[in-house]
J.: 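Got a structure for you, questions after.
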Amino acid sequence: MQAINKMALAAALVAGTVLAQPALAQTAAPAPAQGAPAARPNLTPEQMATLQRDMNTALHYKLASNVVPRLTSALKSIQAAHIQPPGRLGMSLEEQIGMVDKMPGLEPILKTNGFTAREFVMSLTCVGLTGSLMNVPPGQATGNIPTPDAQNVAILKANPQELQELITVLRAEHQSAQ
C-alpha cells in the first residue's frame, strides 16, 4: 500500500510539473529497485496537503474527448518554440496555472490547440494522474489513493495510440531537459 501511495505522489509531481523542467528532472527519476526504499520528495506538510488536494481535484477534472491529441500538439509546439517555464518542486496547481499564464509565447500555442492556461494545466495533470492510476488493481486502490474519474479513464482507453504518442512526446521533453 505504501508503494502505491508513493507512486500516486510521484505521478502527481510528474504530471503536474511537466512544463516545469527543473521539477520534472527531480521527480521523474527512475523507479527504485525492487525492495529499495523510494526517495521522498523534500516537501513541507503544507505542500503535501496541497499536493493531495490538487491530485484529487485534477483526477476529477472533466476531460474533453479530444484532449489527448490536442495536448500532444500543444506540447510539440511548445518544444519546437523552445519554451521552458521555470518551476520548482511542490508547486500547486494554481501556481502552475499562473506560471503557464505568464509565459511569453505560450498563450498563442495553447489557444491554437483550444486551451486556456487553466485548461492546459488541468488537462495535462488529469491525464498524467489518470494514466498512472487507471491500472491500479481495485483491491489495492484503498486508503488515500483516489479513484480516477470513469469517463476520463474511458477517454484515455479509447485510443491507446494517441495516449502512447503523448507519452512519447513527454518522454522526449524529459530526456532533452536532462
J.: Would you list the atom pairs, donor with acceptor, under 3.5 Å between side chains in residues 149-156 and any protein atom, with sequence neighbours excluded?
T.:
from: D149; atom 1: OD1; to: K62; atom 2: NZ; distance (Å): 2.6
from: D149; atom 1: OD2; to: Q151; atom 2: N; distance (Å): 3.0
from: D149; atom 1: OD2; to: N152; atom 2: N; distance (Å): 3.1
from: N152; atom 1: OD1; to: L63; atom 2: N; distance (Å): 3.0
from: N152; atom 1: ND2; to: Y61; atom 2: O; distance (Å): 2.6

J.: To the nearest 0.5 Å, tell me how far M99 CE sits from M103 CE.
T.: 7.5 Å

J.: Do L166 and E162 come close enough that some side-chain heavy atom pair is under 4.5 Å?
T.: no

J.: Can you see which heavy atom on G114 is nearest to which on R70, and at what distance?
T.: O-NH1, 3.0 Å

J.: Applying side chain to side chain contact (heavy atoms under 4.5 Å, CB included), run through T72 and T168 and close with a yes or a no.
T.: CA-CA 9 Å; T72 302; T168 300; over 6 Å; no

J.: Check A117 against V100 and note the closest heavy-atom contact, atom names and distance.
T.: CB-CG1, 3.8 Å

J.: Heavy-atom distance under 4.5 Å between the side chains of T116 and I97, does that happen here?
T.: no

J.: Is it the case that the side chain of T57 and the backbone of R53 share a donor-acceptor pair, with hydrogens and angles ignored and the cut-off at 3.5 Å?
T.: yes

J.: If you define the side chain from C-beta out and look only at heavy atoms, does anything of F120 sit under 4.5 Å from D101?
T.: no

J.: Any donor-acceptor pair under 3.5 Å linking the side chain of N113 with the backbone of I109?
T.: yes

J.: So, are R118 and E94 salt-bridged, with charged N and O less than 4.0 Å apart?
T.: yes

J.: If you define the side chain from C-beta out and look only at heavy atoms, does anything of T125 sit under 4.5 Å from D54?
T.: no

J.: Kindly indicate whether the side chain of N159, heavy atoms from C-beta on, has any atom under 4.5 Å from the side chain of V68.
T.: no

J.: If I compare all heavy atoms of P148 with all of L133, which pair ends up nearest, and what's the gap?
T.: CG-CB, 3.7 Å

J.: Between Q79 (side chain) and A172 (backbone), is there a donor-acceptor pair under 3.5 Å?
T.: no

J.: Just checking E107: does its CD atom have more than 12 heavy atoms from other residues, nucleotides or ligands closer to it than 6.0 angstrom?
T.: no

J.: Check whether any side-chain heavy atom of L71 sits under 4.5 Å from a side-chain heavy atom of F115, and report yes or no.
T.: yes

J.: Nearest heavy-atom pair of E95 and M91: which atoms, and what distance?
T.: OE1-CA, 3.2 Å

J.: Return the CG to CG distance between L124 and L129, rounded to the nearest 0.5 Å.
T.: 9.5 Å

